[in-house]
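This report refers to the structure that appears directly beneath it.
The shown structure was predicted, so the numbers you read here are calculated from the model rather than taken from an experiment. In what follows, every chain begins at residue 1, and chains take the letters A, B, ... in the order their sequences are listed.
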Protein chains: 2
Amino acid sequence: MADRSTRRRVGIGDVAARAGVSHATVSRVMNGNTTVNSAIAARVQAAAAELKYKPNPVGRSLALGKTETIGIVVPDLSNPTFQSILRDVSIAAARDGYRVLIADSSEVSSEEAILAGEARRRCDGVVLCAPRMSQDDLEELAPTLHPLVLINRTTEHSSTPSLVVDYGHGIQQLGAHLVELGHRRIAYLTGPERSASNVQRLRGLEKFVQDYPEVELQFIPGGNTYDAGNEASDAVASCGATGILVFNDVAAMGLLHGLSERGIRVPEDLSITGYDDMPFARYTMPGLTTAAVPITQLGSLAWRRMREHIKQADAESPTDHFEPHLEIRGSTAPPKA
Amino acid sequence: MADRSTRRRVGIGDVAARAGVSHATVSRVMNGNTTVNSAIAARVQAAAAELKYKPNPVGRSLALGKTETIGIVVPDLSNPTFQSILRDVSIAAARDGYRVLIADSSEVSSEEAILAGEARRRCDGVVLCAPRMSQDDLEELAPTLHPLVLINRTTEHSSTPSLVVDYGHGIQQLGAHLVELGHRRIAYLTGPERSASNVQRLRGLEKFVQDYPEVELQFIPGGNTYDAGNEASDAVASCGATGILVFNDVAAMGLLHGLSERGIRVPEDLSITGYDDMPFARYTMPGLTTAAVPITQLGSLAWRRMREHIKQADAESPTDHFEPHLEIRGSTAPPKA
DNA sequence: CGACTTTTGGGAAACGTTTTCTCAGGATGT
DNA sequence: ACATCCTGAGAAAACGTTTCCCAAAAGTCG
């Protein structure tokens, strides 16, 4: 079985034998340890090159106690927001020689804790996007996961860096925008009920109605998918509002499509806003007025925080805030007289 | 340093000590080996549970020679096609207890081989999407990567399963669709020059002009991004063609937007087709006529092939073909008289 | 009740590295 | 010429598992 003439991977021992030195020396050379005679080093390099030796990362990880990999837990990889985060984290991490292991919890929040734990065991740290996890579960889980970076969540225990988007503020801006255009009857097409960012939007809307007592705000159950937005079309069409705040761009696009099929024109008959400013938001017709989340900075900053905590367990753990800004496009206009 | 009272992770040894048995027995219990007395097994289970013991996957991987992880190399995670593949592969693999490590080559084809090699060393197999890699490089690389599954590429050496979309056929269908609508002057807005799937489209177009000698086909340099499509707007507007075949949906959407800004109406003034049928293609206004690539089957089938080869190195290696089908929406119509 | 088989669990090797410890030998200083 | 320092490389331990090999215990059969 240990037949080395057959297809066994070339190991450090093979290089050592070929260069006529010990394992240890080969290891030293491969890791740029300078305490080795340059003539021998050259011989080892040559042997390694001839055999095309590459250190086995698993053995390396075991000895070093680190994998140079981080895990990222997302609720749904088909969601553009998480795709974007994943991509940016991955690129930022790659720049520092780290890789990313993905764990898609498929929106099953009970899986998130398990997946995160498994990921953590395989990786040097975890980036956790768990919008639905209860706060209690999060508080319990977080300490076991360090180094940990949270996206859009925070914990009591302050040693975990968080990156949070101020969803409440963004929705207020969108609401204010509609009011300025003259809308008084406004509806919010909600997101997933237990989503943390949906709750933030609801809080923002509470403030919004305080600031503008003249508006009449109603809530229509929605979701965070195209289909959810699309299926809400009838409810939206008959609700009497002239301006619709939709949970996110994806649902807004579903709604946009549904309305167009019903002959309702946007923005002439109804103003629609999205949320996120995902890449395609500008490509709808009309372009979607939305709150732009500066998602690009988010991924790379997440990695920066992660790196700091990997290097130094007690690094500072600030909560980074991201302010969405209004992106006004064609889907909003003054209401019909 | 090996101070076990401080924050060291609980290992198999701790469980063994607590249960009053040896490492070996704990390992047997954890792996469901039935040759262990049920009373002792229960004791071990209890000890493991009390200590919250979870086997260290790195040690496990080293002993077992497998990581239960596969790598996936993609040229660009912001491309919806690869996002989709990644997601589906990830979900399918997760169902069998495998994880996915991502490697984004950022469109740098010289990186692809290196990334793939590194991924392979860390994983039990690699799914490779390398549309730009030269055939020679691919032939040289492929044997070193097994188990390997190729997306949209094939190799001579027949032990590598491939999943290929017949891009040539799809573009012929799109062309035929335009001809049937009455278009005679048609342009192809090309993709990246060295992209394998672009080459396939070009081959398909050769056949297309043979089948329809009456059409006048011209080529306009484009790309695979929104911006590339958008920037080609002027060239497209002034080329005299009435129907435009665009490399993919993303570029088509960029073009659509650019044309709309210039006051050119689609499909009244110009018919546009995309390619891929990405999720948003139906949400543009007008909806994009496109060749739908059955991308969902692709990811899960890729995993199935991978699993077969992980289990059994000499498993069959078929080339799976995917036929795009025409998806006719609002962006195509008869040309102006 | 003894010989022979079967269970069962421990010891030790294996997986492929890195790193500490140790010591040989050359250089240096006096 | 001798003691001392330093350099550099090998031996061995460590990382955390799984699994092979064996011996002891237990069971079976005549």
From CD1 of I40(A) over to P of dG8(D), roughly how many Å is that when rounded to an integer? 10 Å
Atom pair distance, as rounded to whole Å: CZ in R122(A) and P in dT17(D): 13 Å
Where at least one partner belongs to residues 116-143 of chain B, residue pairs that pass ring pair (Phe, Tyr, Trp, His ring centres under 6.0 Å), sequence neighbours excluded: none
Selection residues 103-114 of chain A - residue pairs positive for side-chain hydrogen bond (donor to acceptor under 3.5 Å, both in side chains), sequence neighbours left out: E107(A)-R132(A)
Sugar-phosphate or base contact per nucleotide [nucleotides 18-24 of chain C; S, B, -; heavy atom under 4.0 Å]: BBB----
Please list, chain by chain and in numerical order, all residues satisfying side chain to side chain donor-acceptor pair (under 3.5 Å) with R120(A), sequence neighbours excluded. none
Give one of base, sugar-phosphate or nothing for V21(B), where a contact means two heavy atoms less than 4.0 Å apart. sugar-phosphate
Give me each pair satisfying ring pair (Phe, Tyr, Trp, His ring centres under 6.0 Å) with a member in residues 102-158 of chain B, each pair once, sequence neighbours excluded. none
Among all residues two or more places apart in sequence or in another chain, which pass the ring pair (Phe, Tyr, Trp, His ring centres under 6.0 Å) test with Y98(A)? W303(A)
Any side-chain donor near an acceptor of the partner, E139(A) and Q135(A), under 3.5 Å: yes
Taking five pairs at each end, how big is the angle between the two axes of the helix from dC1(C)-dG30(D) to dT30(C)-dA1(D), to 10°? 40°
Using side chain to side chain donor-acceptor pair (under 3.5 Å) as the criterion, list what pairs up with R60(B), not counting sequence neighbours. N31(B)
For L62(B) and dA14(D), what is the distance between atoms CG and C1' respectively, to the nearest whole Å? 12 Å
Can you list every pair that meets side-chain hydrogen bond (donor to acceptor under 3.5 Å, both in side chains) and has a residue in residues 37-57 of chain A, with sequence neighbours left out? R18(A)-E50(A)
Whole-Å distance, K66(B) NZ to dT19(D) P, equals 9 Å
